[in-house]
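Notes follow once the structure below has been shown.
These numbers come from the heavy atoms of this one structure, side chains and all, not from hydrogens, waters or symmetry mates. One-based numbering along the sequence shown.
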Amino acid sequence: MAAAEFAAVYIALFTAHHAADYLAQSDRTSARKAGWTEQGADGESVRHAGWGANQLHAATHSAAELLALGLLAAVVGLSLPLWGVTAAVLWNHLTHSLIDRRWPVRAWMCRTGASGFVQRGGMPLVDQSMHLIFGLFPAALLAAGGAS
């Protein structure tokens with residue numbers, strides 16, 4: 001039964017991820033979550049860290065995940081331990097925040113010989129791959145940690 005629980009939780013988290021990334025994320029948040037530079041009033045470039053936009057986006061993910069896991073538990077009758085849900089959502093919040101800073105994606109691609117793919121616009125694909133890979137852990141945690 002753990003395999004079915006793992007699959008159900010992973011699909012719920014996967015669906016929540018896509019809802020938060022594509023349905024709930026504005027162009028402004030997408031542009032600012034990794035930091036941005038704009039021209040100041042004095043004509044000088046001003047660099048903004050972008051952590052506010054980043055954390056707002058990650059919080060949107062957390063809310064979508066809580067909703068998806070809650071629906072899964074209610075509709076399917078899957079028992080999800082509160083500690084496991086908390087750990088899963090926190091893990092996804094932290095890893096999503098880091099990946100969406102974009103430098104980890106660029107660093108990975110450049111260190112693995114894919115810098116040309118960066119230039120051809122491949123970063124969003126690698127970004128999504130990283131989110132999916134890091135999303136395996138919380139699904140496994142919930143399936144093994146008492147989902148029954």
Side-chain angles (χ1 to χ4, degrees), residues 2-73 78 80-81 83-147:
E5 291 165 348
F6 169 80
V9 169
Y10 188 76
I11 289 169
L13 292 173
F14 179 79
T15 302
H17 172 89
H18 278 76
D21 258 5
Y22 299 111
L23 297 176
Q25 181 174 212
S26 69
D27 289 343
R28 180 181 173 94
T29 299
S30 179
R32 292 181 170 215
K33 65 187 177 185
W36 77 98
T37 303
E38 65 186 6
Q39 187 175 4
D42 59 1
E44 296 292 319
S45 291
V46 178
R47 176 80 179 142
H48 299 276
W51 280 109
N54 180 282
Q55 290 305 294
L56 177 62
H57 177 59
T60 302
H61 273 270
S62 297
E65 290 165 4
L66 288 170
L67 178 63
L69 292 172
L71 284 170
L72 179 66
L78 190 61
L80 300 173
W83 69 266
V85 170
T86 302
V89 171
L90 180 60
W91 169 263
N92 279 336
H93 184 98
L94 295 173
T95 60
H96 201 95
S97 296
L98 180 61
I99 292 167
D100 277 7
R101 294 304 288 182
R102 297 196 181 111
W103 67 263
V105 178
R106 179 176 278 107
W108 174 266
M109 293 175 76
C110 291
R111 285 187 175 84
T112 59
S115 57
F117 195 35
V118 171
Q119 302 305 317
R120 294 188 304 277
M123 281 186 55
L125 298 172
V126 174
D127 167 285
Q128 290 301 308
S129 296
M130 286 181 161
H131 290 310
L132 294 175
I133 290 165
F134 281 104
L136 290 169
F137 175 72
L141 176 76
L142 278 168

Can you classify the ring geometry of [X] versus [Y] as parallel (below 30°), tilted (30 to 60°) or perpendicular (above 60°)?
| X | Y | result |
| --- | --- | --- |
| Phe14 | Tyr10 | parallel |
| His131 | His17 | tilted |
| His57 | His61 | perpendicular |

Rounded distance (nearest 0.5 Å) linking atom [atom1] of [X] with atom [atom2] of [Y]:
| X | Y | atom1 | atom2 | answer |
| --- | --- | --- | --- | --- |
| Asp21 | Thr29 | CG | OG1 | 11.0 Å |
| Leu13 | Trp91 | CG | CH2 | 13.0 Å |
| Leu78 | Glu5 | CG | CD | 5.5 Å |
| Leu90 | Thr95 | CG | OG1 | 9.5 Å |
| Thr15 | Leu67 | OG1 | CG | 11.0 Å |
| Glu38 | Arg47 | CD | CZ | 11.0 Å |

Identify the two heavy atoms, one from [X] and one from [Y], that lie closest to each other, and give their separation to 0.1 Å.
| X | Y | answer |
| --- | --- | --- |
| Leu142 | Gly84 | CD2-C, 3.3 Å |
| Ala68 | Ala16 | CB-CB, 4.0 Å |
| Leu69 | Leu80 | O-CD1, 3.7 Å |
| Met123 | Val118 | SD-CG1, 3.8 Å |
| Arg101 | Ala49 | NH2-O, 2.7 Å |
| Leu72 | Ala12 | CD2-CB, 4.2 Å |

Flag if over 12 foreign heavy atoms under 6.0 Å of CH2, Trp103: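 Incorrect, the count does not exceed 12.
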Please determine whether the number of non-hydrogen atoms from other residues, nucleotides or ligands lying under 6.0 Å from atom CZ of Arg106 exceeds 12.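 Not buried by this count: 12 neighbours or fewer within 6.0 Å.
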Could you please spell out the steps behind the side chain to side chain contact (heavy atoms under 4.5 Å, CB included) verdict for Leu125 and Phe117? CA-CA 10 Å; Leu125 298 172; Phe117 195 35; 3.8 Å; yes
Test Arg32 against His48 for side chain to side chain contact (heavy atoms under 4.5 Å, CB included), laying out the working first. CA-CA 8 Å; Arg32 292 181 170 215; His48 299 276; over 6 Å; no
Does the side chain of Asp100 pick up a donor-acceptor pair with the side chain of His96 at under 3.5 Å?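 Checked: Asp100/His96 side chains pair up, N/O donor to acceptor below 3.5 Å.
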Can you check whether Gln25 reaches Thr60 side chain to side chain, under 4.5 Å on heavy atoms?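 They are not in side-chain contact.
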If you define the side chain from C-beta out and look only at heavy atoms, does anything of His18 sit under 4.5 Å from Gln128?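 Yes, their side chains come closer than 4.5 Å.
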Test log, rule side chain to side chain contact (heavy atoms under 4.5 Å, CB included), inputs Asn54 and Trp51: CA-CA 5 Å; Asn54 180 282; Trp51 280 109; 3.7 Å; yes
Go through the steps for Ser97 and His93 under the test side chain to side chain contact (heavy atoms under 4.5 Å, CB included), then give the verdict. CA-CA 6 Å; Ser97 296; His93 184 98; 3.9 Å; yes
Would you list the pairs meeting salt bridge (Lys or Arg N to Asp or Glu O under 4.0 Å) in which at least one residue belongs to residues 109-133, sequence neighbours left out?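 For residues 109-133, and leaving out neighbouring residues, there are no salt bridge (Lys or Arg N to Asp or Glu O under 4.0 Å) pairs at all.
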Side chain to side chain contact (heavy atoms under 4.5 Å, CB included) partners of Pro124, counting only residues at least two apart: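 Partners of Pro124 under the side chain to side chain contact (heavy atoms under 4.5 Å, CB included) test: none.
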